[in-house]
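Below: the structure, in structure tokens.
Each ligand, and each atom within it, is numbered from 1 in the order the structure gives. Just so it is clear, the structure is predicted and the values come from calculations on it, not from any experiment.
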Amino acid sequence: MIKRNVFLLILAIFILSLSGCKKAGEERTDTGLVLGFSQIGSESAWRIGNTKDIEEQAEAYGIGLMLENANQKQDNQIAAIRRFIAYRVDVIAFSPVVEEGWDNVLKEAKEAGIPIILVDRDINAGEQDLTTCLIGADFYKEGVMAAEYLIRKADALGLEQVRIAEITGTENSTPMRQRHAGFMDTIEKDPRMQVLESIDGDFLKSRGAECMRYFLDKYGDEIDVVFSHNDEMTIGAIPEIEKAGLAPGKDMLIISIDGGQEAINVLKEGKINCVVECTPKLGKALMETAIRLKNNESVEKIIHPEEQVFSDETDVSLIAPRGY
Ligand code: GYE
């Protein structure tokens with residue numbers, strides 16, 4: 001009996017030590033660097049792919065990652081940043097759900113001497129130098145690319161008027177503001193284009209469906225185009241269009257942003273016409289930047305990944321698996 005208990009004890013210690021190796025946030029790292037990262041939530045395939053990429057890259061670079069998921073709430077992100085400060089992590093990174101309201105907590109991090117990296121989204125800070133840099137997509141350019149596609153498509157189809165229903169992302173978030181601005185600034189030059197209304201779909205599939213029902217009730221088949229700020233909302237909207245007896249991709253042009261696998265599959269089926277890519281793979285740049293900051297080296301102020309457009313203008317069967 002004693003022998004068996006000793007064996008079980010040794011086994012338990014062995015298992016614990018193994019799992020301990022993988023625990024996020026533990027100091028045992030190759031670089032000796034601990035990075036606190038506050039993620040927005042799990043609202044989309046993009047977000048889930050972004051979290052996975054950051055976890056994988058932290059592991060690959062030997063960085064201890066303390067990762068917290070804020071379930072879409074700014075208060076949770078502020079609390080997470082305060083915990084990172086109390087823990088005295090080397091570097092803090094976060095994807096701000098909205099742009100305003102970060103000054104106080106960022107001043108606390110600055111006083112504690114902990115550098116901050118913005119990942120994915122930007123902030124609108126009242127004070128300079130609260131953050132070191134931003135690693136994320138050029139959302140304005142994504143809006144421009146979506147509008148440029150629409151102008152080309154309207155030319156190709158010989159459309160004389162183009163009435164657009166816009167489903168936007170989370171209110172006051174950087175991608176919502178900039179995708180809208182890039183799109184509007186570009187269509188403004190084309191007198192055929194008219195946005196019927198822009199409504200907030202919060203980047204969620206369920207809200208995408210609700211917004212679409214609202215649009216169909218109010219405007220019916222007057223709608224020529226749906227411009228949706230992310231794939232989840234687009235995927236939520238499409239069945240509603242079908243329920244209304246219309247064919248998405250034909251009776252209504254559908255333009256989405258992100259480029260996750262599910263949306264690319266729907267593009268291949270012909271129910272989406274264009275998907276502007278927004279890559280969630282920001283982990284590598286994040287780890288390299290965190291290491292530079294720990295070593296007191298200078299970092300680039302803005303890192304934008306390269307992005308492309310997938311559309312029915314090309315052979316969509318050739319699009320490679322997306323990985324998110
Ligand atoms: O487009 C959306 C996600 O901030 C780029 O957030 C990100 C956006 C992305 O929920 O799917």
Side-chain angles (χ1 to χ4, degrees), residues 37-54 69-74 76-77 93-100 102 117-124 131 134-146 166-183 198-209 211 226-238 254-267 272 274-283 285-286 302-310 322-324:
F37 176 59
S38 164
Q39 178 60 289
I40 293 177
S42 322
E43 74 281 6
S44 62
W46 190 100
R47 187 68 51 204
I48 292 162
N50 178 250
T51 302
K52 185 167 163 264
D53 181 61
I54 288 171
N69 182 323
N71 290 315
Q72 254 67 36
K73 300 222 163 47
Q74 180 171 33
N76 291 344
Q77 292 204 283
F94 76 115
S95 295
V97 60
V98 290
E99 292 191 340
E100 277 78 23
W102 302 100
I117 302 172
L118 292 167
V119 178
D120 164 32
R121 301 184 184 178
D122 206 352
I123 57 167
N124 187 2
T131 57
L134 166 68
I135 302 168
D138 185 342
F139 302 126
Y140 185 87
K141 192 171 162 200
E142 291 171 354
V144 170
M145 291 196 288
E166 184 184 29
I167 308 178
T168 64
T170 305
E171 217 178 339
N172 300 329
S173 71
T174 318
M176 174 265 161
R177 285 180 171 164
Q178 294 186 3
R179 286 171 181 167
H180 175 75
F183 187 81
S198 300
I199 51 177
D200 174 17
D202 205 12
F203 285 128
L204 298 171
K205 185 174 171 183
S206 57
R207 288 281 305 134
C211 292
V226 176
F227 170 44
S228 150
H229 285 201
N230 86 338
D231 289 347
E232 254 58 38
M233 298 188 298
T234 311
I235 290 163
I238 284 174
I254 312 292
I255 304 176
S256 188
I257 302 186
D258 273 357
Q261 190 61 53
E262 199 181 347
I264 295 298
N265 293 344
V266 182
L267 172 73
I272 293 180
C274 171
V275 185
V276 176
E277 180 187 32
C278 178
T279 179
K281 297 195 177 152
L282 307 173
L286 171 59
I302 298 183
I303 299 180
H304 285 323
E306 277 296 312
E307 292 175 337
Q308 53 181 316
V309 175
F310 304 109
R322 302 289 301 142
Y324 61 98

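A salt bridge is defined here as a Lys NZ or Arg NE, NH1 or NH2 lying under 4.0 Å from an Asp or Glu carboxylate O, and Arg177 with Glu99 meets this definition. Under a 4.0 Å N-O distance rule, the pair Glu171/Arg207 does not qualify as a salt bridge.
A side-chain donor from one of Asn69 and Ser42 sits under 3.5 Å from a side-chain acceptor of the other.
Around CD of Gln261, the count of heavy atoms belonging to other residues, nucleotides or ligands within 6.0 Å exceeds 12.
Contacts of ligand 1 (protein heavy-atom distance under 4.0 Å) are Glu43, Ser44, Trp46, Arg47, Asp120, Arg121, Phe139, Pro175, Arg179, Phe203, Asn230, Asp258, Cys278.
Looking at Ile167, Ile257, Ile254, Thr234 one by one, the single match for side chain to side chain contact (heavy atoms under 4.5 Å, CB included) with Phe227 turns out to be Ile257.
Remark: Phe94 engages Trp102 in a ring pair (Phe, Tyr, Trp, His ring centres under 6.0 Å) (not counting sequence neighbours).
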